[in-house]
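Structure, as C-alpha cells:
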Amino acid sequence: MENAATENPSSTPARLRRLNIGPRLTACFLIIVVLMGAVDFIAVWQFKRIEVSAHRFYQVDQKSLAVMRAHVDLMEFREALITLANAQDERGFAVEAASQRDHVVQDVRRAEETLKSFPYQDSNVALTLEAVGRSLPLQADVLVQLANAGDWQGVRLRLANQVRTLVGLTSQLVHDVDQEVTHERTQALASTERARDQLALVLSVTAAFTLLMAIVFGWYATRSITGPLATLDKGAKALGSGDFQHQIEVQGEDELARLGTAFNYAARQVRELYDELKSNEARFRALIEYSSDLILILDSEAIVRYVSPSSLRVAGRNQEELLGKCLFDFLASEDISKMRDTLGGTHTESRPAIEVGFRRPDGSMAVIEVLANNLLDEPAVAGVVVNARDITERKSAEEQLNKLHQLEADLAYMNRVSVMGELAASLAHEIKQPIAAAATNAKTGLRWLQREPSDMGEAGEALSRIVKDVSRAADIIDRTRSLYRRGIPQREMVNLNELIREMTALLRDAANRHSISMRADLDESLPTIAADRVQMQQVLMNLMLNGIEAMKDTSGELTVRSGKSDDGQILLSVSDLGVGLPAEKIDQVFDAFFTTKTQGTGMGLSISRRIIESHGGRLWACANTGRGATFQFTIPTEVSAFSTSAGGDVHSPT
Ligand code: ADP
C-alpha cells in the first residue's frame, strides 16, 4: 500500500487496485491466457505459411509427375509399336496401338488437368500437351492403317519420325518441367526455411514475452496482496505494542484497502479511548493525590491495600507505614468497634460519617472523620474504600466557638441583668400598685363580711378584684423573670406592638423619675412575626433605656414608633431629645465595649444589633435634625434566619 502511493492513479495497476482481489486475479490470469492465445495464433499462422510452401512443393511434384507419366507412356507406346512392327503382327499392332493410344491420351489429359489446377498457367507446356494429345490419336490411326496395309516400312518410318518427334516434345516438356520443378523446389525450400526460422523466432519472442508478462502480472498480483498484508501486519504489531498513533496508508478500493480503513478506524477508536482513559486516570489520580482527604482501600480484614499520597499530610504517616497494616492498629481503642460497624456496611446503604481518634507517630491523637464504602463485592475494587479527613483543627475551632458563644450568651445575660438592676425601682413601683390595690380590696371584702348580716355579694366582688390584682402582679413578675431566665431562644408568634406597650409600662416609672414622658405611635395593622420574645424585649429595653439615659439631665419625650418600611418590612424606631450620639464616633456605638458612660458596659447596642440581624433585620442609628438621636430597626415579616444564642446571635462582635 505504501509503495502504491507513488503510482499514477490512472495507470493500469492503480485501476486494477480498485478491483477486489478476486476480479483482479481473474483479470491477471485472463491477460496471461489472452497472451498465450495470441502466441498460439501466431504459431498457427506461421505453420500455415510453411504448409503453403509444402503444398506448392507437392503441386510442382504432381505437375512433374503428370508430365513425366505422359512422356513415359508415349515412350512405351513407341517402343511397343516398334516391337510389334518388327514382328509384323498386324492384329496385335492394331490392338496394342489402340490400347496404348488411349492410355497415353488419358495420361496427357490428366497432365493437362493437373496443370489447369495450378494457380498460374504455363501456356507453353499446356500447348505442347494439347498438341501431343491431339496428334497422337492421328498418328496411331495412320500407323494402324499402314500396318493393316502391310506397310511395315512406313510404320517404322513414321514411328521413327513423327512419333519420335512427339516423344521429343514430351521429353523437352519433361526437361522444362523438371527445370521448373527444380526452381520451384528451391524456392519452396528457401521459403520453408525462412518460415521455419521466422516461426522459431516468433515463437521464442512471443513465448518469452508471454512468460515475462505472466511474471509481471503474477508479481503484481502477489505484490498487491502481500504488500498491504505486510502493512496490516506491521500496524497490528504496532497496535499490539501500544503504539496507538500508528495509521496505515490506504491505497485502492479492494478488500485489503477496506480492511486497512477498518484498521485505521479501530486504531483511532482505541487511541481515543486510550486518551480518554489516560486523562480520566490522570484526573482521578490528581483528585486523589491532591485531595486534602486520605483515601484508603482496605480488604475484608481491614488490612490497608492502598493509601493515597496525602497520608503523610492527613495522618502524619507515610504510605509505607500504613500499607499491609490493619487500620484498627492506628485507632483509639474505644473507636475500633465503631469503625468495624462502619466498614461492615454495604455501599448501597448510606452511612453517616463517624469521628474516630487516629494515633500519630508522636503519640498524639488526631480526630478524623471517616466515611466508608464497602465495595468488596465489586470485582474491580474488591475492597472497602475509606475517605478520612483530619478534623482535629475543626473540632478545636468548634470548641473555641462554642466557648465564645457561651461567653456571648453570658454577656447578653449580664446585659439583661444589669439593665434589670436599673429597673428595680421601676419594678418595685409597678408591683406595688396591684399589691396595694389587692390589700385595699381585701380590707373592703373583710368589711362586707363583718357586717351583720354579711353582704356576700359585695365581698365576692372584692375578692374578684383581689384575684385580678394578684394576677396582674404575677404577670409583672413573670415578664420580669423571663428577662432573667437563661434559656434556649425560642421562636413564637410575637406582636411587637404588644411588646412596646409592655416595655413602656415597665419603664414608665424610670422615665417619670427623670420627668421624661413616653409616647407610643403604633401601627395597629402590623402582623405578628415569628421571633424570640425575650430577645425582642431585650432590644427594646436597651434602646428605650439608652433614650431615657440620654435625656435624664434635660428631660424630654421618648417616642416609640411602629410601622412599615418602603420594602414592606416591619420598622420600629426609638427617638429621644437627649444629648445625641457622640460626635465623630457614631459608627462605633455598635462596637462591643464601646461606651461613653462611667457605669456603662458598651454591650447593649452590640448585642441588640446581632439579635436583630439574627432575625434577618437591620439596626442603625442617626442623629435627629434637632436634638437627640433615633435608633431604628427593620424585621422582615417572614423571619427566616434565626440564631441559637440565648443572648443574641453567636457571631463574633463587630
Ligand atoms: P452602654 O449603654 O452601656 O454605654 P450601649 O452599647 O448601650 O452601652 O451604648 C453605647 C454608647 O452609645 C453609649 O455609651 C452612648 O455613648 C451611645 N448611645 C447609645 N444610645 C444613645 C442615645 N440614645 N443617645 C446618645 N448616645 C447614645
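As the structure is a prediction and not an experimental result, all values here were calculated from the model. Start at 1 and go down the list; that is how both ligands and their atoms are numbered. Counting from 1, the numbers follow the sequence of the chain as shown.
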What is the closest protein heavy atom to atom 15 (C) of ligand 1, and at what distance does it sit? Thr596 OG1, 3.3 Å

Please determine, by modelled atom types, if Ser555 and Ser515 share a side-chain donor-acceptor pair under 3.5 angstrom. no

Of all protein heavy atoms, the one nearest atom 11 (C) of ligand 1 is Phe594 O, 3.9 Å

Is the charged tip of Arg359 near the ring of Phe330: under 6.0 Å from the six-membered ring centre and within 45° of its axis? no

Name of the residue among Thr634, Ile529, Thr528 meeting side-chain contact (heavy atoms from CB on, under 4.5 Å) with Ile570: Ile529

Where ligand 1 meets Gly600 - atom numbers and elements under 4.0 angstrom, heavy-atom basis: 3 (O)

Nearest option to atom 4 (O) of ligand 1, as decided by whichever heavy atom of Thr630, Leu581, Leu543, Thr595 sits closest: Thr595

Atom CG of Leu331 and atom CZ of Arg340: how far apart are they, to the nearest 0.5 Å? 10.0 Å

Protein heavy atom at shortest distance from atom 9 (O) of ligand 1: Leu605 CD1, 3.8 Å

Salt bridge flag under 4.0 Å for residues Glu458 and Arg451: no

Distance to 0.1 Å, residue and atom name: give those for the protein heavy atom nearest to atom 19 (C) of ligand 1. Asn546 ND2, 3.5 Å

Would you indicate which of Ala550, Gly580, Ala629 comes nearest to atom 26 (N) of ligand 1 when only heavy atoms are counted? Gly580

re atom 22 (C) of ligand 1, the protein heavy-atom contact at minimum distance is Phe631 CE1, 3.7 Å

Identity and distance of the protein heavy atom lying nearest atom 2 (O) of ligand 1: Lys597 NZ, 2.7 Å

Return the closest protein heavy atom for atom 3 (O) of ligand 1 as residue, atom name and distance. Thr601 N, 2.8 Å

Compare Gly604, Ala623, Ala592, Gly602 and give the one whose heavy atom is closest to atom 1 (P) of ligand 1. Gly602

Does this structure show an ion pair linking Arg283 with Glu276, if we count only N-O contacts that are shorter than 4.0 Å? no

Which residue in the set Thr559, Leu558, Thr504 passes side-chain contact (heavy atoms from CB on, under 4.5 Å) when paired with Arg519? Thr559

Can a salt bridge be assigned to the pair Asp469 and Arg465 using a cut-off of 4.0 Å between side-chain N and carboxylate O? no

Indicate yes or no for a side-chain donor-acceptor contact from Ser454 to the backbone of Met456 under 3.5 Å, with no hydrogens or angles considered. no

In the protein, what heavy atom is nearest to atom 17 (C) of ligand 1, and what distance, to one decimal place, separates them? Val589 CG1, 4.0 Å

Any N/O pair Asp576/ligand 1 closer than 3.5 Å: yes

